[in-house]
Amino acid sequence: GTNLGKAVERINEMRRWRLSDEPWVEADGEELRDPAARAKVKATIFFSYTSNMISSGNREVIRFLCQHKMVDLIVTTGGGIEEDFLKCAAPHYMGD
């Protein structure tokens with residue numbers, strides 16, 4: 001439970017972070033000197049998982065994260081990726 005709590009805290013930090021939280025430095029460029037422009041720049045959240053995470057029961061968790069725009073980019077292994085996306089898109093049934 002402790003590690004899960006730490007992970008949730010870290011994710012919340014990433015979701016709250018804005019470039020405006022950091023002081024402007026010369027390398028940022030003049031276009032990012034304006035605090036309003038800096039406030040629009042947020043962290044890009046990568047979500048990575050192996051294909052077995054879908055079959056182990058986490059499909060709905062991953063779908064929820066994507067549906068609620070909690071991740072910006074997904075990286076996964078190629079093992080059954082088409083099945084992963086199809087099953088997340090709509091209900092599927094196994095035939096005889």
Side-chain angles (χ1 to χ4, degrees):
T2 300
N3 288 330
L4 177 61
K6 288 180 180 180
V8 169
E9 287 175 17
R10 176 63 75 185
I11 290 167
N12 286 333
E13 286 175 19
M14 290 188 297
R15 295 192 68 222
R16 282 191 303 265
W17 184 89
R18 298 293 182 266
L19 186 58
S20 57
D21 297 340
E22 308 293 331
W24 181 83
V25 293
E26 195 78 33
D28 288 343
E30 288 299 319
E31 67 278 0
L32 291 176
R33 189 172 218 142
D34 177 29
R38 295 176 73 74
K40 292 179 182 176
V41 178
K42 63 179 188 149
T44 300
I45 299 177
F46 287 68
F47 179 67
S48 179
Y49 66 93
T50 55
S51 62
N52 66 314
M53 294 302 290
I54 296 292
S55 58
S56 68
N58 289 309
R59 177 180 290 113
E60 290 302 310
V61 172
I62 295 168
R63 182 196 60 77
F64 179 89
L65 294 172
C66 297
Q67 180 180 2
H68 291 90
K69 301 182 189 309
M70 299 176 94
V71 296
D72 298 302
L73 184 106
I74 297 173
V75 179
T76 186
T77 58
I81 189 170
E82 68 284 347
E83 177 185 344
D84 299 348
F85 285 116
L86 288 172
K87 287 186 177 177
C88 289
H92 282 73
Y93 306 95
M94 183 180 290
D96 293 330

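Owing to the predicted nature of the structure, the values given are computational and were not obtained by experimental measurement. Just so you know, these numbers use all the heavy atoms, side chains as well, and skip hydrogens, waters and symmetry mates.
Expressed to the nearest 0.5 Å, how far CH2 of Trp24 lies from CG of Asp34 amounts to 12.5 Å. One distance of note links CD1 of Ile62 with OH of Tyr49; it measures 5.0 Å at 0.5 Å rounding. Expressed to the nearest 0.5 Å, how far CZ of Arg38 lies from CG of Asp21 amounts to 9.5 Å. If you take CG on Leu73 and CZ on Phe47, they are separated by 11.5 Å, rounding to the nearest 0.5 Å. Distance check: Ile74 CD1 to Leu65 CG gives 8.5 Å after rounding to the nearest 0.5 Å. In this structure, Arg15 CZ and Lys42 NZ are separated by 8.0 Å, a value rounded to the nearest 0.5 Å.
Follow the hydrophobic side-chain contacts under 4.5 Å out from Val71 and you never reach Trp17; the two are in separate clusters.
The minimum heavy-atom distance between Ala43 and Asp72, with the atom names listed, is O-OD2, 3.5 Å. Heavy-atom minimum distance, Leu32 versus Val41: CD2-CG2, 4.1 Å. Summarising the geometry of Ser20 relative to Ala39, their closest heavy-atom pair is OG-CA, 3.6 Å, with the distance given to 0.1 Å.
With hydrogens and angles ignored, the 3.5 Å screen pairs no side-chain donor or acceptor of Asn12 with any backbone N or O of Glu9.
Between Glu22 and Asp28 the shortest side-chain heavy-atom distance does not fall below 4.5 Å.
With respect to the salt-bridge test (charged N to carboxylate O, under 4.0 angstrom), the residues Glu13 and Arg10 qualify.
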